[in-house]
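Below, all heavy atoms of this structure are taken into account, side chains as well, without hydrogens, waters or symmetry copies. All ligand and atom numbering here is 1-based and tracks the order in the structure. Remember, it's a predicted structure, so these values are computed and weren't measured experimentally.
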Amino acid sequence: MAAYTSGLGGQLTIDLGALARNWRALDKVSPGALTAAVVKADAYGTGLAEAARAFANAGAQFFFTATVDEALALRAAVPAAHIFVLDGLYPGAASLYVRQNLMPVLSSVAMVEEWLDKCIERNEAFPAVLHFDTGMNRLGLRIEEANAVIERMEPLGYQPQMIMSHLACADYPTHEKNRTQLALFESLRQKFPDIPASLANSAGLMNGRDYHFQMVRPGVALYGGRAVIGRPNPMAPVVNLHAPVLQVKPARTGETVGYGASYTLTRDSRLAVLGIGYGDGLFRSLSGSSARQGGVAHINGRTCPIIGRVSMDLTVVDVTDLGDNLPKPGEGAEILGQNIGVDDQADACGTIGYEILTTTLRGRYSRSYIGAEKPA
Ligand SMILES: *Cc1c(COP(=O)(O)O)cnc(C)c1O
């Protein structure tokens, strides 16, 4: 990612103290289980190395990445980390995993074979996780493959480090699929009696102790995102994104704003032109037309609507209601922060906070980190 350092453009500030507090808060909610940290997709856009160090300083020892490249970056940032790679093992990768002390999350019989072959070759039981599919039909061994896997491992005396599965509907705690998956996972555990187990993402963790087992795997909640739908979000906000005001100008009733002339002014207005657009990962679906409300920016104490189409580098906000309290060129407009949460912006354009975090934080901003805690 290119770094823009003049300080004159968009400003992205990541609160490392909030990351640490969020990790500790989740750790407290799951006292009987180890609390890992999921740091895939550049730690949900916040910066893999910085976020992982913040979690490690707060006490985290176990981390999940999606890709092996993320795992290598994490190994460099937090040398002592225990690292699980969710994408698992692809053919030929086992040597790299062993060399870097990474644990693959094995999700097919072929992956198990590949890993066991490496263990036999080196005569060492390298740790790995078995991922079973309990109803997601994404990655994972099928339940009926458990016996075949056990028959393959038993003669070698090999035991997995952990078994895990993933919930499809944890964000809706009353969804019956949660209970179905929990029951399947419980029955699977009978086949692996002494092996630690893990089922819960952020939402699963918040849905009660039944889901905790020996390790919980929160991601989005660590980054201040909403995990459970329909409940107040208890997590501290982590991300602050301000776009620069480039120009403030008057415009008249009946004039239109932006590409496609999709918004017609119904009053004489004051418009603020912000230096941010879809080229920065600001969703174009935050556009506000005359027919449909779009996203917002927070300026001088007020939430102001985006009007017209979000374009590549520019977005127009209606600041008429600020009266005499108009922003000046060079000042910042909050896109994400204390007043506008990632989920507010997500709701305004029909997506989820996860996508805002992993997309909108990639823009042309100067990035800074605040609130770092001293290593424990
Ligand atoms: C991404 C992911 C998580 C974390 O999920 P959140 O909803 O962000 O807490 C946990 N487990 C698996 C398998 C994942 O892919």
Just checking, any donor-acceptor pair under 3.5 angstrom between side chains of [X] and [Y]?
{"X": "Ser30", "Y": "His212", "value": "no"}
{"X": "Thr13", "Y": "Asn240", "value": "no"}
{"X": "Glu334", "Y": "Asn339", "value": "yes"}
{"X": "Ser262", "Y": "Ser289", "value": "no"}
{"X": "Thr67", "Y": "Lys40", "value": "no"}

Checking a contact table here: which protein heavy atom is nearest [atom], and how many Å away?
{"atom": "atom 5 (O) of ligand 1", "value": "Asn201 CB, 3.4 Å"}
{"atom": "atom 10 (C) of ligand 1", "value": "Arg217 O, 3.4 Å"}
{"atom": "atom 14 (C) of ligand 1", "value": "Lys40 NZ, 2.9 Å"}
{"atom": "atom 9 (O) of ligand 1", "value": "Ser202 OG, 2.5 Å"}

Which of the ligand 1 atoms, numbered from 1, are nearer than 4.0 Å to a heavy atom of [X]:
{"X": "Leu86", "answer": "13 (C), 14 (C), 15 (O)"}
{"X": "Val220", "answer": "6 (P), 8 (O), 9 (O)"}
{"X": "Tyr354", "answer": "6 (P), 7 (O), 8 (O)"}
{"X": "Tyr44", "answer": "1 (C), 4 (C), 5 (O), 6 (P), 8 (O)"}
{"X": "Pro218", "answer": "9 (O)"}

Within less than 4.0 angstrom of ligand 1, does Arg138 place any heavy atom?
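Contact present.
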Any Met164 heavy atom less than 4.0 Å to ligand 1
yes
Heavy atoms, side chains only, cut-off 4.5 Å: are Leu246 and Leu314 in contact?
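Sidechains of Leu314 and Leu246: in contact.
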Asp318 and salt bridge (Lys or Arg N to Asp or Glu O under 4.0 Å): which single residue from Arg270, Arg267, Arg302 fits?
Arg267
Taking distance alone, with N or O pairs closer than 3.5 Å, would you say Gly219 contacts ligand 1?
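Yes, there is a polar N/O contact under 3.5 Å.
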Once you restrict to heavy atoms under 4.0 Å, what part of Phe64 touches ligand 1? Side chain, backbone, both or neither.
neither
Could you give me the CA-CA distance, side-chain angles and deciding distance for Tyr97 and Phe126, then say whether ring pair (Phe, Tyr, Trp, His ring centres under 6.0 Å) is met?
CA-CA 9 Å; Tyr97 278 69; Phe126 300 115; over 10 Å; no
Residue from Phe192, Tyr211, Phe213 passing ring-ring contact (aromatic ring centres under 6.0 Å, His included) with Phe185
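The passing option is Phe213.
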